[in-house]
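To start, the structure itself, in structure tokens.
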Amino acid sequence: MFDLVLLVIAVASGGAGDAARLETAEAPPAAAVAEAPVAPRAETDEARPFSSEAPPPSAEADPAPPRELPYVAEQQVPSGKFTTAVEVKPILNATRSNWIAVREFNGQDLVYVTHLWSWRCGLVAIHIGINGAQPEPWPLPACNEDSPAPNAMPADELPYRAFALNSIEEMTVELIYDDLSIDRATFNRTGALIP
């Protein structure tokens, strides 16, 4: 069996001429192979596999402070309609840079949360802090779970707030998922400004 493995490796790496030489070579005794000491492998950051649970090093995630929440965790059964944290959390983690946007319009700064509203069914709350202020609750429309598109944007609500022109410098966004986990990120004006 060992000869066959060596033959396959030789053919793959060097061709048939090397394979003929390997057929005549003797394999070391099994006892010698089994007793060879194996050095422990140090695990470094480079050697660890990438985890999809953690944001990539370039993401600007902020650790959320632990605290008591006035909500009740919902059961996490995937519905296929993106109505639970288990379904929307990977999407919101991957699209972190789109959570919030600032637009200069009609002599005002408009702060948009359109992206978050589009995945709101897996959230229980959105809190936003402007210019270093403590994050405060922002409106979150109800999820239309009986609808074929439960995350569809409501026609009668606007996904933004207006502020004085050039007054928005920094925004801290805190998402509270319906499993009661918290995700936080801080955005500066330049990174969030849209034309």
Side-chain angles (χ1 to χ4, degrees), residues 50-71 73-74 76 78-79 81-145 147 149-195:
F50 177 73
S51 169
S52 63
E53 295 295 319
S58 62
E60 294 184 29
D62 298 334
R67 64 178 193 263
E68 287 283 323
L69 297 172
Y71 311 106
E74 294 181 18
Q76 295 300 301
S79 65
K81 294 171 113 181
F82 299 96
T83 59
T84 61
V86 74
E87 294 171 302
V88 302
K89 194 182 297 187
I91 295 165
L92 288 171
N93 269 329
T95 59
R96 182 180 304 274
S97 62
N98 299 329
W99 283 5
I100 199 163
V102 176
R103 179 177 177 217
E104 295 175 3
F105 182 75
N106 250 1
Q108 296 178 314
D109 279 350
L110 303 180
V111 176
Y112 285 87
V113 292
T114 311
H115 186 73
L116 297 176
W117 278 19
S118 297
W119 299 104
R120 70 186 179 278
C121 290
L123 302 172
V124 291
I126 298 171
H127 295 174
I128 299 176
I130 304 293
N131 297 334
Q134 187 67 23
E136 63 180 49
W138 274 41
L140 188 62
C143 179
N144 302 317
E145 291 196 41
S147 163
N151 284 299
M153 296 295 287
D156 57 342
E157 296 183 55
L158 299 174
Y160 65 84
R161 282 191 186 173
F163 295 87
L165 185 63
N166 295 317
S167 66
I168 304 296
E169 292 300 321
E170 182 183 86
M171 295 149 293
T172 299
V173 180
E174 182 178 79
L175 305 183
I176 302 173
Y177 294 94
D178 63 13
D179 65 357
L180 299 190
S181 61
I182 299 173
D183 210 351
R184 241 176 117 113
T186 299
F187 302 87
N188 63 28
R189 179 185 187 85
T190 305
L193 195 62
I194 58 174

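Here, residue 1 is the first one in the sequence, and each next residue gets the next number.
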All side-chain contact (heavy atoms from CB on, under 4.5 Å) counterparts of [X], not counting sequence neighbours:
X      : value
Pro154 : Trp117, Arg120, Pro141, Asp156, Glu157
Glu104 : Asp109, Leu165, Asn166, Arg189, Leu193
Phe105 : Arg103, Leu110

Beyond-backbone contact of [X] with [Y], side-chain heavy atoms, under 4.5 angstrom:
X      : Y      : answer
Leu92  : Leu123 : yes
Pro135 : Ile128 : no
Leu175 : Leu116 : yes
Asp183 : Asn93  : yes
Glu174 : Ile182 : yes
Ile168 : Phe187 : no
Asn131 : Met171 : no
Val111 : Trp138 : yes

With sequence neighbours left out, what residues match Tyr160 under ring-ring contact (aromatic ring centres under 6.0 Å, His included)?
-> Tyr112
Contacts of Thr114 that satisfy side-chain hydrogen bond (donor to acceptor under 3.5 Å, both in side chains) - sequence neighbours left out | none
With sequence neighbours left out, write down each residue that passes side-chain hydrogen bond (donor to acceptor under 3.5 Å, both in side chains) with Glu169, or none if nothing qualifies.
-> none
Flag for Thr190-Asn188: side-chain donor and acceptor within less than 3.5 Å = no
What are the two closest non-hydrogen atoms of Arg161 and Pro137, and how far apart are they?
-> NH2-O, 3.7 Å
How far apart are the closest heavy atoms of Arg184 and Thr172, and which atoms are they?
-> NH2-CG2, 3.5 Å
